[in-house]
**Q** 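This is the structure I want to talk about, given as structure tokens.
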Amino acid sequence: MTSIKNRWIDRWLCSDADELLEHEGATPQGIKIIDELNQVYQQTGLTRRLVKTIVGQAKDIHRSTGHPVKILEIGMRDGAFLSEIEKFASSTNIPLELHGVEFRPDITSLAEKRLALNRSCAQVHHDTSHELSAFESQDFDIVFSAFVLHHQSLNSLKRLLMASFRVSRHSVFHLDLERSTWRLILLWVYYSLFGYHASRGDAVLSIRRAFRRKEIAQIIHQMNMTQESQVKSVPPLYWAICKSFGDCKI
């Protein structure tokens with residue numbers, strides 16, 4: 001019965017339209033959207049939760065191996081998450097080697113400029129493929145993304161997931177929105193109340209383009225990746241694919 005209801009809801013809820021940021025890139029309007037998204041992630045505590053998850057994995061890996069921990073963010077936008085990871089990890093004395101990859105050259109340049117302003121040591125890469133072909137197998141200890149997967153078609157999603165597992169030695173973490181009507185309404189109300197009008201349309205469209213957690217779990221199962229990963233619900237709006245080194249909490 002739930003499946004039938006979801007299919008009827010999805011007849012008007014689902015969309016594959018491009019988001020404004022995808023059109024704009026690193027134009028003034030696109031940068032404004034990126035800045036608003038960063039503020040939302042900070043205000044809702046999502047940045048802190050994500051950073052603690054990644055640094056927690058890095059701490060476990062460093063304790064086990066004794067080596068610096070090499071981290072890759074897929075779809076890094078302006079590098080805000082990597083900057084926060086670097087600041088948090090420096091207070092815990094965990095040696096990190098940070099990398100980020102972007103698929104658009106103008107956003108790659110934006111990330112380079114902002115990371116340089118923050119005196120970050122993170123390295124920026126530009127890659128036009130979904131296979132992360134610039135990187136070798138097991139090149140990184142941790143590979144993660146935040147709100148990247150809903151931008152992908154089903155085929156590119158599968159390629160990107162496979163690539164993330166290929167280049168990771170220990171941990172993989174993908175966080176994304178979950179599609180539902182009440183989540184769409186909640187997100188629209190939140191962005192409206194706090195004045196995030198530049199990014200509100202993209203946020204709503206992100207929910208419409210997003211996958212349900214059960215859909216992602218089924219994709220992972222079809223790709224024979226259930227033994228090395230799991231799909232977790234992350235209330236109130238998200239799900240996460242986790243391949244963890246020890247326990248993975250968010």
Side-chain angles (χ1 to χ4, degrees), residues 15-27 30-31 33-34 37 50 54 57 69-83 85 96-116 120-177 202 205-206 209-211 215-216 218-225 228-229 231 239-243:
S15 174
D16 59 359
D18 287 344
E19 295 178 18
L20 184 60
L21 182 57
E22 292 172 314
H23 288 299
E24 292 290 325
T27 65
I31 292 172
I33 292 171
I34 290 172
L37 292 174
L50 177 62
I54 301 302
Q57 289 286 288
V69 180
K70 194 174 178 182
I71 299 174
L72 173 69
E73 180 182 7
I74 300 172
M76 66 187 296
R77 287 187 295 274
D78 66 338
F81 283 133
L82 288 179
S83 291
I85 288 170
L96 299 182
E97 183 181 327
L98 296 173
H99 297 256
V101 60
E102 254 302 334
F103 306 111
R104 292 185 55 150
D106 56 344
I107 297 183
T108 305
S109 298
L110 175 66
E112 289 174 336
K113 292 174 184 176
R114 290 198 164 179
L115 288 168
S120 171
C121 295
Q123 299 180 44
V124 179
H125 306 267
H126 175 241
D127 192 345
T128 57
S129 76
H130 287 88
E131 284 82 15
L132 303 178
S133 53
F135 308 114
E136 300 293 332
S137 295
Q138 298 189 347
D139 224 351
F140 300 93
D141 297 294
I142 302 171
V143 176
F144 79 97
S145 76
F147 311 115
V148 171
L149 298 185
H150 72 264
H151 291 281
Q152 315 302 318
S153 67
L154 182 58
N155 286 334
S156 63
L157 167 73
K158 290 179 178 179
R159 294 202 305 272
L160 197 56
L161 284 177
M162 288 295 294
S164 68
F165 278 80
R166 178 183 64 80
V167 302
S168 171
R169 188 178 300 113
H170 296 298
S171 296
V172 177
F173 185 83
H174 295 286
L175 180 71
D176 216 313
L177 293 158
D202 274 11
L205 187 53
S206 292
R209 291 176 57 167
F211 296 86
E215 292 172 347
I216 285 294
Q218 186 176 18
I219 291 168
I220 292 292
H221 177 73
Q222 291 170 350
M223 295 172 68
N224 296 317
M225 297 165 63
E228 54 184 338
S229 64
V231 182
W239 49 255
I241 298 173
C242 303
K243 172 193 173 186

**Q** Check whether any side-chain heavy atom of Ile71 sits under 4.5 Å from a side-chain heavy atom of Phe140, and report yes or no.
**A**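 Side chain of Ile71 against side chain of Phe140, heavy atoms only: no contact under 4.5 Å found.
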**Q** Could you walk me through whether His174 and Ile74 satisfy the side-chain contact (heavy atoms from CB on, under 4.5 Å) test, starting with their C-alpha distance in whole Å, then the side-chain angles of each, then the deciding distance to 0.1 Å, before giving a yes or no?
**A** CA-CA 9 Å; His174 295 286; Ile74 300 172; 4.2 Å; yes
**Q** Is the side chain of Asp106 donor-acceptor paired with the backbone N or O of Ala26 at a distance under 3.5 Å, no angle test?
**A**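 Present.
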**Q** Do Asp176 side-chain atoms and Leu149 backbone N/O form a donor-acceptor pair below 3.5 Å?
**A**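 A pair under 3.5 Å: yes.
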**Q** Any sub-3.5 Å donor-acceptor pair from Ser168's side-chain atoms to Ser164's backbone N or O?
**A**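 Checked: no pair found.
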**Q** Please tell me if the side chains of Ile31 and Asp78 come closer than 4.5 Å, counting only heavy atoms from C-beta onward.
**A**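 Side chain of Ile31 against side chain of Asp78, heavy atoms only: no contact under 4.5 Å found.
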**Q** Is there a side-chain contact between Leu161 and Val172, using heavy atoms and a 4.5 Å cut-off?
**A**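 No - every pair of side-chain heavy atoms lies 4.5 Å or more apart.
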**Q** Over all heavy atoms of both residues, which pair between Lys243 and Gln57 is shortest? Give the atoms and the distance, please.
**A**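 Looks like O-OE1, 4.5 Å.
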**Q** Just wondering, do Met223 and Met162 contact through their side chains at under 4.5 Å, heavy atoms?
**A**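 In short, these two side chains touch, coming nearer than 4.5 Å.
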**Q** Between Phe211 and His150, which heavy-atom pair has the shortest distance, and what is it?
**A**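 Looking at all heavy atoms of both residues, the closest pair is CE1-CA, 4.4 Å.
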**Q** I'd like to know whether Arg169 forms a salt bridge (Lys or Arg N to Asp or Glu O under 4.0 Å) with Asp141, so could you lay out the CA-CA distance, the side-chain angles of the two residues, the decisive distance to 0.1 Å, and finally the verdict.
**A** CA-CA 5 Å; Arg169 188 178 300 113; Asp141 297 294; 2.7 Å; yes
**Q** Considering all heavy atoms of both residues, which atom of Glu19 and which atom of Ser206 are nearest to each other, and what is their separation?
**A**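 Between these two residues, the closest heavy atoms are OE2-OG, 2.8 Å.
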**Q** How about CD on Glu136, more than 12 heavy atoms from neighbouring residues, nucleotides or ligands closer than 6.0 Å, or not?
**A**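 Result for CD/Glu136: open.
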**Q** Can you name the nearest heavy-atom pair linking Ala146 to Leu50, along with the distance?
**A**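 In terms of heavy atoms, the two residues are closest at CB-CD2, 4.0 Å.
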**Q** If you compare all heavy atoms of His125 against all heavy atoms of Thr108, which two are closest, and at what distance to 0.1 Å?
**A**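 Smallest heavy-atom distance, with atoms named: O-CG2, 4.1 Å.
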**Q** To the nearest 0.5 Å, how far apart are CD1 in Ile54 and CZ in Phe173?
**A**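 It comes to 6.0 Å.
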**Q** Measuring from Leu115:CG to Gln123:CD, what's the distance to the nearest 0.5 Å?
**A**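 Separation between the atoms: 11.0 Å.
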**Q** Measure the shortest side-chain to side-chain distance between Leu82 and Ser120 over non-hydrogen atoms and say whether it is less than 4.5 angstrom.
**A**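 No. Closest side-chain heavy atoms not under 4.5 Å.
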**Q** Is there a side-chain contact between Met225 and Phe165, using heavy atoms and a 4.5 Å cut-off?
**A**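 Yes, their side chains come closer than 4.5 Å.
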**Q** Quick one: are Ile34 and Leu110 in side-chain contact, heavy atoms under 4.5 Å?
**A**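 A side-chain contact exists here, since the closest heavy-atom pair is under 4.5 Å.
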**Q** Asn155: what forms a side chain to side chain contact (heavy atoms under 4.5 Å, CB included) with it, not counting sequence neighbours?
**A**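 By the side chain to side chain contact (heavy atoms under 4.5 Å, CB included) rule, Asn155 matches Ser153, Arg159.
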**Q** Where do His126 and Phe103 come nearest, in terms of heavy atoms and distance?
**A**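 That would be NE2-O, 3.4 Å.
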**Q** Are Ser133 and Asp127 side-chain neighbours, meaning at least one heavy-atom pair lies under 4.5 Å?
**A**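 In short, these two side chains touch, coming nearer than 4.5 Å.
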